[in-house]
Amino acid sequence: MKQKTVEVKLKQGLEARPVAMLVQVASKYASNIYLESEGRKVNAKSIMGMMSLALAPGEKVTVIADGTDEDDAIFGMENYLSSAAE
């Protein structure tokens, strides 16, 4: 299991469209992927779970991946969350 804290840099934060795209990124990987913020841990492959976090730009989130491609999963999630474009 690997984890990394990442700052959300998406202009709109994690609203509907960015969440849907993030779930697509997470779904590319075989690993179990979770995002944790303020004591809440949600499955990154769940649109409803991700929406419930309601992360805003500048907030920090911990990306947790566990599986055969966990390094790639952490990298892919960090890349998306850290991008300024949507």
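Keep in mind it's a predicted model, so treat the numbers as computed, not measured. Sequential numbering from 1 along the given sequence is applied to the chain's residues.
- The hydrophobic cluster containing F75 does not contain V23, counting ILVMFWY residues as joined when their side-chain heavy atoms lie under 4.5 angstrom apart, directly or transitively.
- Heavy-atom minimum distance, D69 versus A30: OD2-N, 3.0 Å.
- Once rounded to the nearest 0.5 Å, the distance linking CE of M77 with OH of Y29 reads 8.5 Å.
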Can you give each donor-acceptor pair under 3.5 Å made by side-chain atoms of residues 47-67, sequence neighbours left out, with the distance rounded to 0.1 Å?
| from | atom 1 | to | atom 2 | distance (Å) |
| --- | --- | --- | --- | --- |
| S52 | OG | R40 | NH2 | 3.0 |
| S52 | OG | G49 | O | 2.5 |
| E59 | OE2 | A56 | N | 2.7 |
| T62 | OG1 | T5 | OG1 | 3.4 |

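- The line from CD of Q3 to CD of E70 is 11.0 Å long, rounded to the nearest 0.5 Å.
- The backbone N or O of M21 lies less than 3.5 Å from no partner atom in the side chain of Y80, so there is not a single donor-acceptor pair.
- When the salt bridge (Lys or Arg N to Asp or Glu O under 4.0 Å) test is applied to K28, no partner is found at least two apart in sequence or on another chain.
- At a threshold of 4.5 Å between side-chain heavy atoms, the hydrophobic network of Ile, Leu, Val, Met, Phe, Trp and Tyr places Y34 and V8 in two separate groups.
- To the nearest 0.5 Å, atoms NZ (K11) and OG (S83) are separated by 9.5 Å.
- Rounding to the nearest 0.5 angstrom, the gap separating the OG atom in S27 from the CD1 atom in I33 is 8.0 Å.
- Rounding to the nearest 0.5 Å places NZ of K45 at 11.5 Å from CG of L22.
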side-chain contact (heavy atoms from CB on, under 4.5 Å) evaluation trace for L81 with K9: CA-CA 6 Å; L81 290 168; K9 294 185 181 173; over 6 Å; no

